[in-house]
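Read the structure below first, then the notes.
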Amino acid sequence: MSGVNQHYLPQFLMRGFATKGGTMKSPVYKAVEHHKSRGVMHARNVMSIGAQRNFYGKEGPESIDDAIDRLESRLAPVVRRLNLGELLSDDDIPQVASLATHLVIRAKHMRSLLEDGFREMGGLMRSYANDGHLLERGVQRIDDAELARMIEEEAAKRRVTLTPGQRHLFKNLARAKIQRKKSDPVFKRELSEIIESGANRFEQEAVERSEQTHLKALGKGLDPAPRVALFQQLTWSVAHFSGEMLILSDVPVVAFSADGKGMSAVLHKDNPPALVALPISTERALIGSSVEGQLPIADDINRVGAKFAHEFFITERATEVTRALVASIGTAPTIFDDPEWREIRRTAPKED
């Protein structure tokens, strides 16, 4: 991946879904890209698939791009061995968990989720900016305990120790000031303008902010220990789907709910889903499960993989089945469709 043309879908993984040509010294791996908007494309070199100019920033010895190369130099040999039919050993499990984590964190889809999050936040802020009763709602939620906490924090900043009498006095003064402010039309207008300005910045700078946040997260560590530990809790195996043809989407980690029929996003929940499938070649997939005896079939992996795909998936060749999957690309629920986020939207003030 190292260089200007940086892959957000690793080449070492795509090669398992490609036909090999060229020479022994200069092999060429070609795959068929099935794209959400461009449809099924002609087979082409994986070097030109799933890549974007300087996606991880400028190249260099201390760059994120270089760090990804170093990490993948440890992970790629495990995938190659498993694709040759070697058994998965206990020693491989930490590497497999690291690979699954790595593919979730580095994906272009992760950056798009961040961008959507900034836009969603801007929209929520705007609904509050246009709420004429915002101050009244806020005042109602500030109880005595909250006021006491705020006063103690301010005293600590100023390195002042308050007596019980002083705390009571400051609390009454703060309450009186809040009551005056909530009915001040000038203050209410200024507050609304500040919130509106913040909403505009979130929406206008969503692309830039998402890139900065993603790169900052990657810069802190490509192998976050908590997420790796969660993936290590699953029971891992290699499923061989002889005669079948798996797809590889640009969101490679495919997640299933406990009954094996639904879907659950692995990108934002605290715990891993009941079943995870990570296709590593046309006929093989790594399977991580917390439910004994539960294994998906190839059609399930492809169906869910296509729905979770952000922009595209690749295959060794195009068939009627893979062509039909194009229509479902990107139709899976997102983080902003889950019940918690829907409740936040529902309770936000509505614009007049």
Chi angles and distances behind the side-chain contact (heavy atoms from CB on, under 4.5 Å) call for Lys30, Val28: CA-CA 6 Å; Lys30 291 185 176 182; Val28 176; 4.1 Å; yes

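The shortest heavy-atom contact between Pro279 and Leu13 is O-CD1, 3.9 Å. Of all the heavy atoms in Phe308 and Ala255, the pair that sits closest is CE1-O, 4.0 Å. Shortest non-hydrogen contact noted between Ile301 and Ala285 is CD1-CB, 4.3 Å. Ile314 approaches Met14 most closely through the heavy-atom pair CD1-CG, 3.6 Å.
Inspection of the Gln95 and Arg74 side chains reveals an N or O donor paired with an N or O acceptor under 3.5 Å. For the residue pair Ser48/Asn45, the side-chain donor-acceptor check at 3.5 Å is not satisfied.
Tyr29 and Ile247 fall into different hydrophobic clusters, defined by Ile, Leu, Val, Met, Phe, Trp and Tyr side-chain heavy atoms under 4.5 Å apart, directly or through other members.
Scanning for side chain to side chain donor-acceptor pair (under 3.5 Å) contacts around Thr213 gives an empty result, with sequence neighbours left out. Under the side chain to side chain contact (heavy atoms under 4.5 Å, CB included) criterion, Glu208 pairs with Gln212, not counting sequence neighbours. For Arg284, the salt bridge (Lys or Arg N to Asp or Glu O under 4.0 Å) criterion is met by no residue, not counting sequence neighbours.
Salt-bridge check for Arg119 with Glu115: passed, with a basic side-chain N closer than 4.0 Å to an acidic carboxylate O. Using a 4.0 Å cut-off between charged nitrogen and carboxylate oxygen, Glu205 and Arg201 do not count as a salt-bridge pair. Salt-bridge check for Arg81 with Asp92: passed, with a basic side-chain N closer than 4.0 Å to an acidic carboxylate O.
The neighbour count for Leu84 CG, taken as heavy atoms of other residues, nucleotides or ligands under 6.0 Å away, is above 12. Counting non-hydrogen atoms of neighbouring residues, nucleotides and ligands closer than 6.0 angstrom, the CZ atom of Arg317 reaches no more than 12 such neighbours. In this structure, Met47 places its CE atom where only 12 or fewer heavy-atom neighbours from other residues, nucleotides or ligands lie under 6.0 Å away. The environment of His240 atom NE2 is dense: over 12 non-hydrogen atoms of other residues, nucleotides or ligands sit within 6.0 angstrom. In the displayed structure, Arg70 atom CZ is contacted under 6.0 Å by more than 12 heavy atoms of other residues, nucleotides or ligands.
When side chains are defined from C-beta on, His35 does not count as touching Ile329, because their heavy atoms never get closer than 4.5 Å. Side-chain contact between Gln232 and Pro94: present, with at least one pair of heavy atoms (C-beta onward) separated by less than 4.5 Å. Using a 4.5 Å cut-off on side-chain heavy atoms (C-beta onward), Thr322 and Met245 make contact. A heavy-atom distance below 4.5 Å is found between the side chains of Ile151 and Lys171. Side-chain contact between Phe118 and Arg209: present, with at least one pair of heavy atoms (C-beta onward) separated by less than 4.5 Å. For the pair Val276/Trp236, a side-chain contact is recorded, criterion being any heavy-atom separation below 4.5 Å from C-beta on.
Judged by distance alone, with hydrogens and angles left aside, the side-chain atoms of Glu311 form no donor-acceptor pair with the main-chain N or O of Lys36 at under 3.5 Å.
Here the OG atom belonging to Ser63 is positioned 9.5 Å from the CG atom belonging to Asn54, to the nearest 0.5 angstrom.
Classification of the Phe313-His34 ring pair by plane angle, with boundaries at 30° and 60°, yields parallel. Classification of the Tyr56-His214 ring pair by plane angle, with boundaries at 30° and 60°, yields tilted.
The side-chain contact (heavy atoms from CB on, under 4.5 Å) test with Ile280 singles out one residue from Leu82, Leu248, Leu246, and that residue is Leu82.
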